[in-house]
Amino acid sequence: MTVLTGTGLHKRYGNLHVLDDVGFTAAAGEAIGIVGPNGAGKTTLLNVLAGSVTPDSGTVRLGGDDVTRSGPQIRCRRGIGRAHQIPRPFGGMTVLENVLVGATYGAGLRGRAAHRHGIEVLRRCELLDLADRRAETLGLLHRKRLEMARAVATGPRVLLLDEIGAGLTDAEAAELVTTIRDLVAAGITVVWIEHIVHVLLQVVDRLICMDAGKVIADGEPTAVLRDAVVVDAYLGKGR
């Protein structure tokens, strides 16, 4: 079952065409990776799917509903969670309190139900032992986990991850892989932008490559990475 669709998405900033007739589909429980050189339009696509950027034309559907003109708050409540590359936890609040914000304002839970949900999210994201720690005292790996936990606490059908592995060591990124796999196994659709391709390949069952605002390949990850157009546009530019 398709849970998220983008059709004919265009976005310009002045003369720069950052999304050029982009199509996107994600099925329930699917793990999708998005790769491409800097400036390919990857984060803009995620922003359009999340609702923080409105496309100049095209349509975004969540389930069967048109959410193209709905903002991120509405999309969050309807099932789209977003974790950013740079974690920005609420300072002066504990790890649990940060997660309770997502449970309350995203998932719409209150009181004991919100608390139970928050504790379960911390367990799933391997933060339960740090529930009472002030968020600003966490190291980078745990801040990344908290960024993801806050999104998971909203109860998403679709979880958008923007370079959640950036800045981590290989060992730390491997720890995140286990958590993300568990989220996919629980039925959450994951759409993950990542430059650390070998980490991405441990999770995703489909890979999209973008370049210059267009989707240039979409399919089985190994086949996409072997595509001559992808090698030239993505791997070639990274050398």
Side-chain angles (χ1 to χ4, degrees), residues 1-7 9 11 19 22 24-32 34 42-55 58-91 93-111 113-125 127 135 143-164 176 179-180 182-184 186-194:
M1 180 181 70
T2 300
V3 292
L4 185 62
T5 305
T7 306
L9 298 174
K11 185 64 185 178
L19 292 180
V22 170
F24 175 88
T25 61
E30 189 176 20
I32 302 168
I34 302 179
K42 305 183 299 296
T43 295
T44 300
L45 174 59
L46 231 62
N47 289 340
V48 167
L49 296 176
S52 55
V53 168
T54 302
T59 304
V60 178
R61 291 186 177 274
L62 180 59
D65 299 326
D66 187 341
V67 295
T68 311
R69 303 298 161 183
S70 300
Q73 298 91 338
I74 293 173
R75 292 194 207 185
C76 176
R77 295 189 192 103
R78 297 184 68 172
I80 297 179
R82 170 77 182 273
H84 295 81
Q85 177 182 352
I86 300 174
R88 293 185 177 90
F90 298 115
M93 296 171 64
T94 68
V95 168
L96 177 56
E97 287 168 342
N98 266 265
V99 169
L100 288 177
V101 173
T104 301
Y105 295 100
L109 301 174
R110 297 290 186 274
H115 189 271
R116 284 194 300 268
H117 179 66
I119 291 295
E120 173 59 19
V121 168
L122 292 184
R123 185 193 64 76
R124 292 171 70 183
C125 294
L127 287 170
R143 290 203 307 274
K144 297 272 190 177
R145 286 191 179 281
L146 179 56
E147 178 71 10
M148 196 159 55
R150 294 197 305 168
V152 172
T154 67
R157 286 185 277 169
V158 181
L159 178 61
L160 308 177
L161 303 176
D162 191 355
E163 294 193 49
I164 199 74
L176 275 189
T179 301
I180 296 169
D182 289 345
L183 296 174
V184 175
I188 297 175
T189 299
V190 169
V191 183
W192 185 5
I193 295 174
E194 190 57 72

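Excluded from the calculations below are hydrogen atoms, water molecules and symmetry mates; all remaining heavy atoms, backbone and side chain alike, are included.
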Tell me, do [X] and [Y] make a side-chain contact under 4.5 Å, heavy atoms counted?
X: M93; Y: V101; answer: yes
X: L96; Y: H115; answer: yes
X: I180; Y: I164; answer: yes
X: L49; Y: I80; answer: no
X: F24; Y: I32; answer: yes
X: P55; Y: T68; answer: yes
X: L46; Y: V53; answer: no

Is K144 paired with E147 through a side-chain N to carboxylate O contact shorter than 4.0 Å?
no

Rounded to the nearest 0.5 Å, what separates atom [atom1] in [X] from atom [atom2] in [Y]?
X: N98; Y: R150; atom1: CG; atom2: CZ; answer: 5.0 Å
X: L176; Y: R145; atom1: CG; atom2: CZ; answer: 5.5 Å
X: D162; Y: I193; atom1: CG; atom2: CD1; answer: 4.5 Å
X: L183; Y: L161; atom1: CG; atom2: CG; answer: 8.0 Å
X: R78; Y: T154; atom1: CZ; atom2: OG1; answer: 14.0 Å
X: K42; Y: T44; atom1: NZ; atom2: OG1; answer: 9.5 Å

Who passes side-chain hydrogen bond (donor to acceptor under 3.5 Å, both in side chains) against R75, sequence neighbours left out?
none

Across all chains, not counting sequence neighbours, the side-chain hydrogen bond (donor to acceptor under 3.5 Å, both in side chains) partners of E30 are R206

Side-chain (T189) to main-chain (A27) donor-acceptor, under 3.5 angstrom
yes

For [X], side-chain contact (heavy atoms from CB on, under 4.5 Å) partners two or more places apart:
X: R157; answer: L62
X: S52; answer: N47, R82
X: Q73; answer: R77

Looking at every heavy atom in both [X] and [Y], which two are closest together, and how far apart are they?
X: V3; Y: V158; result: CG2-CG2, 3.7 Å
X: A153; Y: V121; result: CA-CG2, 3.9 Å
X: L127; Y: A149; result: CD1-CB, 4.1 Å
X: P156; Y: G81; result: CB-N, 3.6 Å
X: G51; Y: P72; result: O-CD, 3.1 Å
X: V152; Y: C125; result: CG2-SG, 4.5 Å

Donor-acceptor pairs are to be reported for all side-chain atoms of residues 104-111 against protein atoms at under 3.5 Å, with residues two or more places apart or in another chain.
from : atom 1 : to   : atom 2 : distance (Å)
T104 : OG1    : L100 : O      : 2.8
R110 : NH1    : T104 : O      : 3.0

